[in-house]
Novice: 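Handing you this structure, nothing more for now.
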Amino acid sequence: MLTVFIYFMIFVGVTAALYQVYEVNYNINFANDLKLSNADKERLSELSHKALLAKQTGGSADFDQAVAHTFGPQMNPHMALLAFTEEKAGTYAIPLLRRRGQLDVSGELRVRHLSFCKTRLPTWDARVLMISLVIVNSMLAQFLGGMSIYTLLYPFSSAAFTWLNEPPVLMLLTFVLIAISHGIFRLDMYLHDLYQIGKLARLTSADNRHLHSQKA
């Protein structure tokens with residue numbers, strides 16, 4: 001009975017690992033806004049509406065006040081305006097809201113990873129690497145699941161591979177891979193948000209330089 005349970009759990013683990021690839025793709029492309037709290041969803045709606053009015057009328061007092069209330073008085077209102085008038089909220093506005101508590105907007109925009117660790121925003125998007133690692137983990141889980149069946153008929157005799165003959169070991173490794181994939185996905189969401197905010201900051205700087213050159 002225990003053996004049947006172990007093989008069932010291996011099957012569940014392999015299925016979960018396959019599902020993670022779909023889940024990562026879905027969360028990235030369709031459910032990014034679901035990662036916001038209800039309060040931040042309300043802030044997103046309010047700021048997007050006021051940003052649109054500010055862009056249409058040229059009067060930004062209400063928007064600037066809302067930005068200062070949400071991000072602090074030192075937040076660059078022009079950067080916020082670019083974020084909340086972008087057609088897709090997931091490009092800049094959602095990452096900005098989701099990570100606002102970790103942003104240091106005094107002076108050069110930086111991010112606080114921990115209370116004692118503050119860095120510049122990343123300039124390299126690691127998303128392709130992260131998704132690739134999730135896919136690799138899913139393939140490894142499938143391999144372990146296949147080995148659990150293969151070794152029933154053809155067990156390994158080499159000392160280096162005898163662990164492949166042990167279904168409990170394969171089950172544990174499968175769930176370790178699932179946990180690692182989940183951690184990779186969470187890290188990807190975090191790093192990608194920071195990358196998008198850094199991209200927004202660079203876009204704001206370029207826009208400001210363009211405005212200054214026009215005035216000159």
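Note that the coordinates shown come from a computational prediction; the quantities given were computed from them, not determined experimentally.
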Novice: Hey, does the side chain of T162 reach the backbone of A159 with a donor-acceptor pair shorter than 3.5 angstrom?
Specialist: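 Present.
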
Novice: Rounded to the nearest 0.5 Å, how far apart are CG of N137 and OG of S132?
Specialist: 11.0 Å

Novice: Is there side-chain contact between W163 and L173, with heavy atoms separated by less than 4.5 Å?
Specialist: yes

Novice: Is there a chain of hydrophobic side chains (I, L, V, M, F, W, Y, each step under 4.5 Å between heavy atoms) that links L203 to M79?
Specialist: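 Yes, one cluster joins them.
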
Novice: Enter the distance from H192:NE2 to M130:CE here, rounded to the nearest 0.5 Å.
Specialist: 12.0 Å

Novice: Would a hydrophobic clustering, with Ile, Leu, Val, Met, Phe, Trp and Tyr connected at side-chain separations under 4.5 Å, put F156 with L153?
Specialist: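 F156 clusters together with L153.
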
Novice: Treat each ILVMFWY residue as a node, draw an edge where side-chain heavy atoms are under 4.5 Å apart, and state whether F185 and V176 are in one component.
Specialist: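 Yes; V176 is reachable from F185 via cluster members.
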
Novice: Looking only at heavy atoms, what is the nearest atom pair of S138 and A17, with distance?
Specialist: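 It is OG-O, 3.4 Å.
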
Novice: Looking at every heavy atom in both S48 and L44, which two are closest together, and how far apart are they?
Specialist: OG-O, 2.7 Å

Novice: Looking at R127, I want to see if its CZ is surrounded by more than 12 non-hydrogen atoms of other residues, nucleotides or ligands under 6.0 Å.
Specialist: yes

Novice: Given H182 and R186, is the side chain to side chain contact (heavy atoms under 4.5 Å, CB included) satisfied, shown in steps?
Specialist: CA-CA 6 Å; H182 180 71; R186 295 293 298 271; 3.9 Å; yes

Novice: Hey, any chance V128 and W124 share a hydrophobic cluster, counting ILVMFWY side chains that come within less than 4.5 Å of each other, even indirectly?
Specialist: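 V128 does not cluster with W124.
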
Novice: Thinking salt bridges, do D40 and R100 make one under a 4.0 Å N-O criterion?
Specialist: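 Looking at D40 and R100, the cut-off is met.
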
Novice: Using the side chain to side chain contact (heavy atoms under 4.5 Å, CB included) rule, take F63 and L81 through it: C-alpha gap first, then chi angles, then the decisive distance, then the call.
Specialist: CA-CA 8 Å; F63 176 72; L81 185 64; 3.8 Å; yes

Novice: Hey, what do you get for CZ (F71) to CG (L103), rounding to the nearest 0.5 Å?
Specialist: 8.0 Å

Novice: May I ask you to decide if K41's main-chain N or O and S45's side chain share a donor-acceptor pair within less than 3.5 Å?
Specialist: no

Novice: Grouping I, L, V, M, F, W and Y whenever their side-chain heavy atoms are under 4.5 Å apart, do F161 and L144 come out in a common cluster?
Specialist: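 Result: yes, single cluster for both.
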
Novice: For R112, does the CZ atom have more than 12 heavy-atom neighbours from other residues, nucleotides or ligands under 6.0 Å away?
Specialist: yes

Novice: Using every non-hydrogen atom in the two residues, find where A66 and L47 come nearest and quote the distance to one decimal.
Specialist: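 Distance-wise, the nearest heavy atoms are CB-CD2, 3.6 Å.
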
Novice: Does the side chain of V111 come within less than 4.5 Å of R99's, by heavy atoms?
Specialist: no

Novice: Within the 4.5 Å heavy-atom criterion, are Y190 and H113 side-chain neighbours or not?
Specialist: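 They are in side-chain contact.
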
Novice: Step by step, would you call M1 with F5 a side chain to side chain contact (heavy atoms under 4.5 Å, CB included)?
Specialist: CA-CA 6 Å; M1 190 67 182; F5 174 75; 6.0 Å; no

Novice: Can you tell me how far apart CD1 (I94) and CD (E86) are? Round to the nearest 0.5 Å.
Specialist: 11.5 Å

Novice: Answer yes or no: does atom NZ of K55 have more than 12 heavy-atom neighbours from other residues, nucleotides or ligands under 6.0 Å?
Specialist: no

Novice: Would you call the rings of F8 and F11 parallel, tilted or perpendicular if under 30° counts as parallel and over 60° as perpendicular?
Specialist: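 Because their plane-to-plane angle lies in the 30° to 60° range, the rings of F8 and F11 count as tilted.
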
Novice: So which atom in A141 and which in V14 form the shortest heavy-atom distance, rounded to 0.1 Å?
Specialist: O-CG2, 3.4 Å

Novice: At what distance, to the nearest 0.5 angstrom, does CZ of F175 lie from CG of L177?
Specialist: 11.0 Å

Novice: Check the pair T204, Y92 against side chain to side chain contact (heavy atoms under 4.5 Å, CB included), reporting the backbone distance first and the verdict last.
Specialist: CA-CA 12 Å; T204 303; Y92 302 122; over 6 Å; no

Novice: Looking at side-chain heavy atoms only, is the closest gap between I135 and V24 below 4.5 Å?
Specialist: no

Novice: Which heavy atom in A16 sits nearest to a heavy atom in I178, and how many Å separate them?
Specialist: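 Nearest heavy atoms, A16 then I178: CB-CD1, 3.8 Å.
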
Novice: Roughly how far, to the nearest 0.5 Å, is the CG atom of L96 from the CZ atom of R43?
Specialist: 12.5 Å

Novice: Donor-acceptor pair, distance only, cut-off 3.5 Å: does the side chain of Y7 make one with the backbone of S148?
Specialist: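 Looks like yes, one N/O pair under 3.5 Å.
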
Novice: Mind listing the closest non-hydrogen atom pair of L194 and L121 along with its distance?
Specialist: O-CD2, 3.7 Å

Novice: Side-chain contact, heavy-atom cut-off 4.5 Å: I28 with D188?
Specialist: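 Result yes, sub-4.5 Å side-chain heavy-atom pair found.
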
